[in-house]
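Below is one structure, written out as structure tokens; the observations come after it.
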Number of protein chains: 2
Amino acid sequence: MYICHMYSSELIKGTLKTIVLNLLKDNNKMYGYEISQKVKSMTNDKIQITEGALYPTLHALEKQGDVTTEKVYIGKRVRKYYILTDQGENTMTERVNELSDFMKTMKFLLDLDTSAQNV
Amino acid sequence: MYICHMYSSELIKGTLKTIVLNLLKDNNKMYGYEISQKVKSMTNDKIQITEGALYPTLHALEKQGDVTTEKVYIGKRVRKYYILTDQGENTMTERVNELSDFMKTMKFLLDLDTSAQNV
DNA sequence: ATTTAATACCTAATTTTCTTAGGTATTAAC
DNA sequence: GTTAATACCTAAGAAAATTAGGTATTAAAT
């Protein structure tokens, strides 16, 4: 049996934008810290997005027009919400489809689709 | 419908060693050029390993003891075969299991396992 | 009351891993 | 006799992460 722990960092590389965009599709309004916690809890701590990766990614998504932002003050503490744009929705769909297709290809390549592995 | 083309490079990142090790498991003896062609043909040109990525990876695998090499001359042209070591087999198993688990997690995270997507 | 942990944002230096763009040389095909 | 395919390689640069900091508010624990 494979004991679950955090994935080695190489794997997560390249999927971060896709993860963020997809979460924003389902939640329509999220802030950075919330995203990192959501991913952590949804994956049983197996994927932990570091802040050094997350914030630059969010800024890049804003710069390229896939998200807009909205600052909200909770007392004196600021929260920066990210909202998916129409363009961002298209980007999200493309990215998710590509990743989905890629995973199928990898499954075939690594011979993982021969039996009941898709549980 | 999603039109198939080459995957954006970010996705392949982090999976190259796993791909190479897994191919060596099945073929027990392969050379660099052969590996790149095999991956290309098995994935209908969707994954094309560049030589600039492949050779350094092979050298790294040799350095860390996961593969050994064997030079063979075909006429005057040299071929450098790579053979999986016992250690490499363990590494391979770990990597493949990790990637497999990662893909399951991603599928769940991206909400891709709700219908008949696993065709 | 004060320290610690959690919340919430951010950036800069470094590392890893790839792409791009070269280089050498042999052999087969046109 | 040139081009394409085979077969190896490296170095410079880019991309995307990690590591390791920084600031500040609020809740929990001692």
Side-chain angles (χ1 to χ4, degrees), chain A residues 6-21 29-41 45-64 66-67 69-82 91 95 98-99 102 106, chain B residues 6-21 29-41 45-64 66-67 69-82 95 99 102 106:
Chain A
M6 257 198 75
Y7 301 122
S8 60
S9 53
E10 309 94 72
L11 288 181
I12 292 110
K13 278 186 187 178
T15 60
L16 185 51
K17 270 186 186 169
T18 310
I19 292 172
V20 170
L21 290 171
K29 190 182 182 183
M30 291 181 94
Y31 54 101
Y33 188 75
E34 189 186 8
I35 292 172
S36 69
Q37 294 305 305
K38 184 86 179 172
V39 171
K40 196 185 169 204
S41 69
D45 298 11
K46 285 190 284 186
I47 297 181
Q48 293 184 37
I49 305 177
T50 60
E51 299 190 329
L54 180 60
Y55 289 111
T57 295
L58 288 169
H59 301 160
L61 286 174
E62 188 181 11
K63 200 176 174 185
Q64 70 193 42
D66 286 332
V67 298
T69 59
E70 194 179 292
K71 274 188 184 176
V72 174
Y73 280 86
I74 309 295
K76 284 180 184 174
R77 191 153 55 190
V78 71
R79 260 186 206 166
K80 203 166 158 189
Y81 280 99
Y82 289 85
T91 307
R95 290 250 184 192
E98 193 188 15
L99 182 54
F102 177 70
M106 284 301 295
Chain B
M6 256 198 74
Y7 301 122
S8 59
S9 52
E10 308 95 74
L11 288 182
I12 292 110
K13 275 187 188 176
T15 60
L16 185 50
K17 269 186 187 171
T18 310
I19 292 171
V20 170
L21 289 171
K29 191 181 182 182
M30 291 182 93
Y31 54 100
Y33 188 75
E34 188 186 9
I35 291 172
S36 70
Q37 295 304 306
K38 185 85 179 174
V39 171
K40 198 186 169 203
S41 69
D45 298 10
K46 286 190 283 185
I47 298 181
Q48 291 184 38
I49 304 177
T50 60
E51 299 190 329
L54 179 60
Y55 289 111
T57 295
L58 288 169
H59 299 162
L61 286 174
E62 188 182 9
K63 200 176 173 184
Q64 69 194 44
D66 285 332
V67 298
T69 58
E70 193 179 294
K71 274 190 185 177
V72 174
Y73 280 86
I74 309 295
K76 284 181 184 174
R77 190 152 57 190
V78 69
R79 259 186 206 167
K80 202 166 158 188
Y81 280 100
Y82 289 86
R95 290 250 184 190
L99 182 54
F102 177 70
M106 284 301 293

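By convention in this document, chain letters (A, B, ...) are assigned in the order of the sequence lines, proteins followed by strands, and residues within each chain are numbered from 1. Worth knowing before you read on, the calculation uses all heavy atoms, side chains too, and leaves out hydrogens, waters and symmetry mates. Everything quoted here is computed from the prediction, not taken from an experiment.
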Is there any protein nitrogen or oxygen under 3.5 Å from a nitrogen or oxygen in nucleotides 27-30 of chain C, and what are the pairs?
from, atom 1, to, atom 2, distance (Å)
C/dT27, OP1, B/Lys76, N, 2.8

Whole angstrom value for the distance that separates P of C/dT7 from CD1 of A/Ile49: 15 Å
Calculate the interatomic distance between A/Gln37 atom CD and C/dA5 atom C1'; express it in whole Å. 12 Å
Who passes side chain to side chain donor-acceptor pair (under 3.5 Å) against B/Thr50, sequence neighbours left out? none
Indicate the atoms forming the closest heavy-atom contact of B/Gly32 with B/Leu54, along with that distance. O-CD2, 3.2 Å
Distance, rounded to the nearest Å, where B/Lys40 contributes NZ and D/dA7 contributes P: 14 Å
Please state how far atom CG in B/Leu54 lies from atom P in C/dC18, giving the value in whole angstrom units. 10 Å
Can you tell if the side chain of A/Ile19 reaches within under 4.5 Å of the side chain of A/Ile35, non-hydrogen atoms only? no
If a pair satisfies salt bridge (Lys or Arg N to Asp or Glu O under 4.0 Å) and one of its residues is in residues 29-40 of chain B, list it, with sequence neighbours excluded. B/Lys29-B/Glu70
Rounded to 10°, the angle between the first-five-pair and last-five-pair axes of the helix from C/dA1-D/dT30 to C/dC30-D/dG1 is 20°
From CG of B/Leu16 across to P of C/dT19 the rounded distance in Å is 8 Å
Decide yes or no for A/Phe102 and B/Ile47: does some side-chain heavy atom of the first lie under 4.5 Å from some side-chain heavy atom of the second? yes
With B for base contact, S for sugar-phosphate-only contact and - for none (protein heavy atoms under 4.0 Å), nucleotides 9-15 of chain C reads BBB----
Is any side-chain heavy atom of A/Thr69 closer than 4.5 Å to one of A/Leu58? no
Heavy-atom check, side chain of A/Thr18 versus side chain of A/Glu98, under 4.5 Å: no
At less than 4.0 Å, is any side-chain N or O atom of B/Thr50 found next to OP1 or OP2 of C/dC18? Yes or no. no
Only counting residues at least two apart or in another chain, list the ones meeting side-chain contact (heavy atoms from CB on, under 4.5 Å) with B/Lys63. none
Can you measure B/Lys63 atom NZ to D/dT10 atom P for me and round it to whole angstrom units? 12 Å
All side chain to side chain donor-acceptor pair (under 3.5 Å) counterparts of A/Tyr81, not counting sequence neighbours: A/Arg79
State which residues pass side chain to side chain donor-acceptor pair (under 3.5 Å) with A/Thr91; sequence neighbours excluded, sorted by chain then number. A/Asp66
B/Ile35 has an atom CD1; how far is it from atom C1' of D/dA7, in whole Å? 13 Å
Quick one: side chain to side chain donor-acceptor pair (under 3.5 Å) partners of A/Glu51, sequence neighbours excluded? none
When the distance from CG of B/Leu61 to C1' of C/dT17 is rounded to whole Å, what number comes out? 13 Å
